[in-house]
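Chain naming here is simple, since letters A, B, ... match the order of the sequence lines and numbering starts at 1 in each. None of the values given here were measured: they were computed from a predicted structure. Only this structure's heavy atoms are used, side chains among them; waters, hydrogens and symmetry mates stay out.
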Amino acid sequence: MRLSRYFLPTLKETPAEAQIVSHRLMLRAAMVRQHAAGIYTWLPLGFAVLKKIEQIVREEQNRAGAQEMLMPTIQSAELWRESGRYDDYGKEMLRITDRHERDMLYGPTAEEVITDVFRTSIRSYKDLPKILYHIQWKFRDEVRPRFGVMRGREFLMKDAYSFDLDTATARHSYNQMFVAYLRTFARMGLKAIPLRAETGPIGGDLSHEFIVLADTGESEVHCHRALLEKPTPEGVDYDADLQPLVDEWTGLYAAADEMHDVTKAASLGDDLVTARGIEVGHIFHFGTKYSAPMGATVTGPDGDPVTVAMGSYGVGVSRLVGAIIEASHDDAGIIWPEAVAPFHVGLINLKVGDEGTDAACASLYDALGPDRVLYDDRDERAGAKFADMDLIGLPWQVIVGPKGLAKGVVEMKNRATGEREEISAESALARLSG
RNA sequence: CGGGGCGUAGCUCAGCCUGGUAGAGCGCUAGCUUUGGGAGCUAGAUGCCGGAGGUUCGAAUCCUCUCGCCCCGACCA
């Protein structure tokens with residue numbers, strides 16, 4: 001993409017409403033604009049990142065055996081009355097009345113909808129298990145939205161739902177999602193650790209939240225050092241028994257502040273790490289909480305109806321955009337992990353109008369392709385270009401100017417480390433294409 | 001939902017206390033000079049001073065109401 005044509009209204013100064021670093025950088029880097037409290041417009045650069053993250057989530061869900069679908073944002077209140085949540089949910093639910101005076105709502109989650117789809121479609125235990133998911137906008141009318149995109153009222157979430165014959169088999173579905181989450185966050189360049197979470201009225205130990213470590217995170221977490229060093233599971237056979245793998249990850253001490261056991265933690269000694277984090281995922285098994293009141297049953301092996309056991313698994317897709325920035329930035333701006341970067345490389349033409357420089361840039365641009373490179377072909381001063389490029393944080397910068405070209409080199413800069421190297425355009429190209 | 005703060009140019013903000021012709025820096029437009037880390041000079045354009053009501057000869061400024069946004073606390077992907 002040529003920057004001269006791209007919609008990238010970066011800001012030199014920080015808008016007053018932004019307090020935390022990710023929010024500030026997202027506004028300055030022209031990723032989002034605030035529309036109302038907790039509601040954002042995604043500009044091209046921010047949208048590109050959102051799509052990258054969404055795609056990683058999708059790939060890992062599919063790999064784990066979940067199937068993508070799409071449920072509506074506007075839902076009927078009737079279903080929510082069936083589950084009993086229409087009244088329970090309170091003011092966080094945005095309620096709408098349509099022209100026929102029917103009660104509708106903007107979905108804050110989709111247990112009711114998916115349970116309804118399931119019960120009208122699945123009759124036999126032979127059709128189990130199933131994991132279905134969608135990536136859809138949600139609305140929760142938070143009392144106090146804040147932290148930009150990390151705690152908005154409108155947010156993009158991946159929510160998956162599992163259906164099993166009983167709790168024992170449901171555990172396998174749970175484990176599949178557990179492992180999928182480990183992989184999902186790792187692929188985004190994040191250190192995410194699973195913490196045992198409150199399970200509510202259902203009880204049991206089947207709820208975990210996934211916390212991304214970032215100094216500016218909302219919650220304090222305590223965990224065993226070894227958790228931070230554990231390698232991401234590769235080549236997972238999702239049909240195999242995943243329990244040993246899950247046990248490996250849950251066997252080590254890890255707790256958020258509210259679940260923190262000081263005595264137990266102290267016994268870890270030097271292995272105890274206390275850090276801050278941002279919740280980016282939450283999985284739980286809730287049994288028949290919705291299937292029972294809504295009558296989601298299948299015919300079991302013995303011919304009797306069985307109320308299915310369910311679980312739900314959420315990833316805050318839009319929140320991740322902010323969380324990644326919180327975890328990866330410096331004074332100059334964002335530092336995108338390669339996997340989620342909106343472009344792989346930023347090409348800086350230091351002297352637009354200079355024949356040799358223009359030609360060298362054009363050939364690099366053509367070779368790398370418009371999807372991988374953002375080419376700053378604007379007639380701006382070098383300093384402005386450097387500042388903008390650092391701000392938007394593409395992993396690589398290739399800086400091309402007449403001085404370097406006279407020596408037969410371009411400058412290649414690694415955004416994360418700041419390392420610069422003078423190499424020929426050909427070798428830069430080779431490196432970036434690899 | 002309790003407590004606090006702020007709405008003035010695209011952005012950051014001054015002016016308000018003590019009422020009297022709407023301001024600065026950055027950005028934008030044009031020209032000249034510049035050009036390897038957010039240039040300099042010159043000339044411009046830009047505002048229902050968040051909205052409504054009131055007090056006053058006169059309101060950005062004082063009063064009342066209202067809308068919006070932010071921050072701190074209790075709750076959440």
*Asks:* Roughly how many Å apart are rA9(B) and rG3(B), using the P atom of each and rounding to a whole number?
*Replies:*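 It comes out at 30 Å once rounded to the nearest Å.
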
*Asks:* Counting only non-hydrogen atoms, which of residues 9-30 of chain A are less than 4.0 Å from RNA chain B?
*Replies:*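 When residues 9-30 of chain A is checked for heavy atoms under 4.0 Å from RNA chain B, the hits, listed by number, are Lys12(A), Glu13(A), Thr14(A), Pro15(A), Ala16(A), Glu17(A), Gln19(A), Arg28(A).
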
*Asks:* Output all residues satisfying ring-ring contact (aromatic ring centres under 6.0 Å, His included) with Tyr86(A), sequence neighbours left out; order by chain, then residue number.
*Replies:*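 For Tyr86(A) there are no ring-ring contact (aromatic ring centres under 6.0 Å, His included) partners, ignoring immediate neighbours.
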
*Asks:* Tell me whether the rings of Tyr174(A) and His208(A) are parallel (<30°), tilted (30 to 60°) or perpendicular (>60°).
*Replies:*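 Tyr174(A) vs His208(A) ring planes: tilted.
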
*Asks:* May I ask you to check whether Arg146(A) and Gln19(A) show a side-chain donor-acceptor distance below 3.5 Å?
*Replies:*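 Side-chain D/A pair, Arg146(A) to Gln19(A): absent.
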
*Asks:* Distance alone, cut at 3.5 Å: any donor-acceptor contact between the side chains of Arg2(A) and Tyr365(A)?
*Replies:*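 The criterion, which ignores hydrogens and geometry beyond distance, is not satisfied for Tyr365(A) and Arg2(A).
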
*Asks:* From the 5' end of RNA chain B to its 3' end, which nucleotides mark the outer limits of contact with chain A, defined by a 4.0 Å heavy-atom distance cut-off (strictly under)?
*Replies:*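 The contact span of chain A on RNA chain B goes from rC1(B) to rA77(B).
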
*Asks:* Say we look at rC67(B) and rC26(B): how far apart would their P atoms be, to the nearest angstrom?
*Replies:*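 Each nucleotide's P atom is 39 Å from the other's.
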
*Asks:* Check this for me, if you would: do Arg95(A) and Asp141(A) make a salt bridge, where the nitrogen-to-carboxylate-oxygen distance has to be below 4.0 angstrom?
*Replies:*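 Between Asp141(A) and Arg95(A) there is no salt bridge, as every charged N stays at least 4.0 Å from the carboxylate O atoms.
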
*Asks:* Near RNA chain B, under 4.0 Å by heavy atom, which residues of residues 146-154 of chain A?
*Replies:*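 Heavy-atom contacts with RNA chain B come from Arg146(A), Met150(A), Arg151(A), Gly152(A).
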
*Asks:* Can you give me every donor-acceptor pair (side chain of residues 34-45 of chain A, partner residue at least two apart or in another chain, under 3.5 Å) with its distance?
*Replies:*
residue  : atom : partner  : partner atom : Å
Gln34(A) : NE2  : Ala36(A) : O            : 3.3
Tyr40(A) : OH   : His23(A) : NE2          : 3.4

*Asks:* Please state the C1' separation for the pair rU34(B) and rA39(B) - nearest whole angstrom.
*Replies:*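 These two C1' atoms come out 7 Å apart once rounded.
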
*Asks:* Any side-chain donor-acceptor pair under 3.5 Å between Ser363(A) and Asp366(A)?
*Replies:*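 No, because no side-chain N or O of Ser363(A) sits under 3.5 Å from a partner of the opposite role on Asp366(A).
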
*Asks:* Can you pull out the residues from residues 404-416 of chain A that lie within a 4.0 Å heavy-atom distance of RNA chain B?
*Replies:*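 Under 4.0 Å from RNA chain B: Gly404(A), Glu411(A), Lys413(A).
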
*Asks:* Does the separation of the ring centres of Tyr290(A) and Tyr161(A) fall below 6.0 angstrom?
*Replies:*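 Here the rings of Tyr161(A) and Tyr290(A) have centres that are no less than 6.0 Å from each other.
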
*Asks:* Report the base-pairing partner of rC6(B) (Watson-Crick or G-U wobble, both distances below 3.5 angstrom), or none.
*Replies:*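 rC6(B) is paired with rG68(B).
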
*Asks:* Would you call Lys230(A)-Glu248(A) a salt bridge at under 4.0 Å N-O?
*Replies:*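 A salt bridge links Lys230(A) with Glu248(A).
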
*Asks:* Heavy-atom nearest nucleotide on RNA chain B for Ala36(A) versus Glu92(A): which residue maps closer to 5'?
*Replies:*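 Mapping each residue to its closest nucleotide by heavy atoms, the 5'-most match is Ala36(A).
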
*Asks:* Just to verify, what does Phe147(A) make a ring-ring contact (aromatic ring centres under 6.0 Å, His included) with, not counting sequence neighbours?
*Replies:*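 With sequence neighbours excluded, Phe147(A) shows a ring-ring contact (aromatic ring centres under 6.0 Å, His included) to no residue whatsoever.
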
*Asks:* Indicate, with a heavy-atom threshold strictly under 4.0 Å, whether Arg420(A) touches base, sugar-phosphate, or nothing.
*Replies:*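 Base, at least one base heavy atom under 4.0 Å.
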
*Asks:* Contact class for Asp159(A) vs. all strands (heavy atom < 4.0 Å): base, sugar-phosphate, or nothing?
*Replies:*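 Result for Asp159(A) = nothing.
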
*Asks:* For rU61(B) versus rA22(B), give the span between their C1' atoms, rounded off to a whole number of Å.
*Replies:*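 About 12 Å, rounded to a whole number of Å.
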
*Asks:* Taking atom C1' in both rC49(B) and rA59(B), compute the distance separating them and give it to the nearest angstrom.
*Replies:*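 One C1' to the other, the span is 11 Å.
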
*Asks:* Which residue pairs pass the side-chain hydrogen bond (donor to acceptor under 3.5 Å, both in side chains) test with at least one member in residues 61-72 of chain A, sequence neighbours excluded?
*Replies:*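 Qualifying pairs: Arg58(A)-Glu68(A), Glu60(A)-Arg63(A), Gln61(A)-Lys158(A), Asn62(A)-Tyr133(A).
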
*Asks:* Identify, between Met157(A) and Glu422(A), the residue whose nearest nucleotide on RNA chain B lies closer to the 5' end.
*Replies:*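 First, find each residue's nearest nucleotide; the 5'-ward one identifies Glu422(A).
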
*Asks:* Is it the case that over 12 heavy atoms from other parts of the model lie below 6.0 angstrom from the CZ atom of Phe47(A)?
*Replies:*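 Counting other residues, nucleotides and ligands, CZ of Phe47(A) stays at 12 neighbours or fewer.
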
*Asks:* Verify, without hydrogens or angle tests, whether Arg415(A) (side chain) and Asp390(A) (backbone) share a donor-acceptor contact under 3.5 angstrom.
*Replies:*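 Looks like yes, one N/O pair under 3.5 Å.
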
*Asks:* Looking at rU34(B), which nucleotide sits across from it as a Watson-Crick or G-U wobble partner, both distances under 3.5 angstrom, or is there none?
*Replies:*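 Paired with no nucleotide.
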
*Asks:* Taking atom CD of Glu355(A) as the centre, does the number of heavy atoms from other residues, nucleotides or ligands within less than 6.0 Å exceed 12?
*Replies:*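 No, CD of Glu355(A) has 12 or fewer neighbouring heavy atoms, counting only those of other groups under 6.0 Å.
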
*Asks:* Under 3.5 Å, is there a donor-acceptor pair between the side chain of Arg183(A) and the main chain of Ala64(A)?
*Replies:*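 Not confirmed, Arg183(A) side chain does not pair with Ala64(A) backbone.
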
*Asks:* Under 4.0 Å, heavy atoms only, any strand: does Gln34(A) hit a base, just the sugar-phosphate, or nothing?
*Replies:*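 Answer is sugar-phosphate: Gln34(A) comes under 4.0 Å of backbone atoms only.
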
*Asks:* With heavy atoms under 4.0 Å as the rule, sort Ala384(A) into base, sugar-phosphate or nothing.
*Replies:*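 The residue Ala384(A) makes base contact.
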
*Asks:* Output the residues of residues 311-335 of chain A in contact with RNA chain B, where contact means a heavy atom of the residue under 4.0 Å from an atom of the strand; sort by number or write none.
*Replies:*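 Close to the strand are Val315(A), Gly316(A), Arg319(A).
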
*Asks:* Any strand is fair game: report the nucleotide pairing with rC62(B) by Watson-Crick or G-U wobble, both distances under 3.5 Å, or none.
*Replies:*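 Looking at the geometry, rC62(B) pairs with rG54(B).
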
*Asks:* For rC13(B) and rG7(B), measure between their P atoms and round to the nearest Å.
*Replies:*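 Straight-line distance between the two P atoms is 9 Å.
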
*Asks:* Backbone N or O of Asp261(A) within a donor-acceptor pair of the Tyr253(A) side chain at under 3.5 Å?
*Replies:*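 Checked: pair present.
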
*Asks:* For rA24(B) and rA14(B), measure between their C1' atoms and round to the nearest Å.
*Replies:*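 It comes out at 7 Å once rounded to the nearest Å.
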
*Asks:* rC48(B) and rG53(B): how far apart are their C1' atoms, nearest whole angstrom?
*Replies:*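 The answer is 16 Å between these two C1' atoms.
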
*Asks:* Going by number, which of residues 46-75 of chain A have a non-hydrogen atom under 4.0 Å from RNA chain B?
*Replies:*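 By residue number: none to list.
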
*Asks:* Report, one line per pair, each donor and acceptor closer than 3.5 Å where one atom sits in a side chain of residues 400-412 of chain A; sequence neighbours left out.
*Replies:*
residue   : atom : partner   : partner atom : Å
Lys407(A) : NZ   : Glu422(A) : OE1          : 3.2
Glu411(A) : OE2  : Arg420(A) : NH1          : 2.6

*Asks:* Contact class for Lys351(A) vs. all strands (heavy atom < 4.0 Å): base, sugar-phosphate, or nothing?
*Replies:*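 Nothing, no heavy atom under 4.0 Å.
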
*Asks:* Report the base-pairing partner of rG47(B) (Watson-Crick or G-U wobble, both distances below 3.5 angstrom), or none.
*Replies:*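 The base-pairing partner of rG47(B), which may sit in any strand shown, does not exist here.
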
*Asks:* Just list the side-chain donor-acceptor pairs under 3.5 Å for residues 71-79 of chain A, sequence neighbours left out, or say none.
*Replies:*
residue  : atom : partner   : partner atom : Å
Gln75(A) : OE1  : Trp80(A)  : NE1          : 2.8
Gln75(A) : NE2  : Thr109(A) : O            : 3.3
Ser76(A) : OG   : Glu78(A)  : N            : 3.2

*Asks:* Given that both distances must come in under 3.5 Å, which nucleotide forms a Watson-Crick or G-U wobble pair with rG23(B)?
*Replies:*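 The base-pairing partner of rG23(B), which may sit in any strand shown, is rC13(B).
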
*Asks:* Is it true that a side-chain atom of Ser4(A) and a backbone atom of Arg378(A) form a donor plus acceptor pair closer than 3.5 Å?
*Replies:*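 It does not hold such a pair.
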
*Asks:* Check Glu82(A) with Arg119(A), please: is the shortest side-chain N to carboxylate O separation under 4.0 Å?
*Replies:*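 The answer is yes: the pair qualifies as a salt bridge.
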
*Asks:* State the pairing partner of rA77(B); accept Watson-Crick or G-U wobble contacts with both distances under 3.5 Å, and report none otherwise.
*Replies:*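 Matched rA77(B) with nothing under the 3.5 Å cut-off.
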
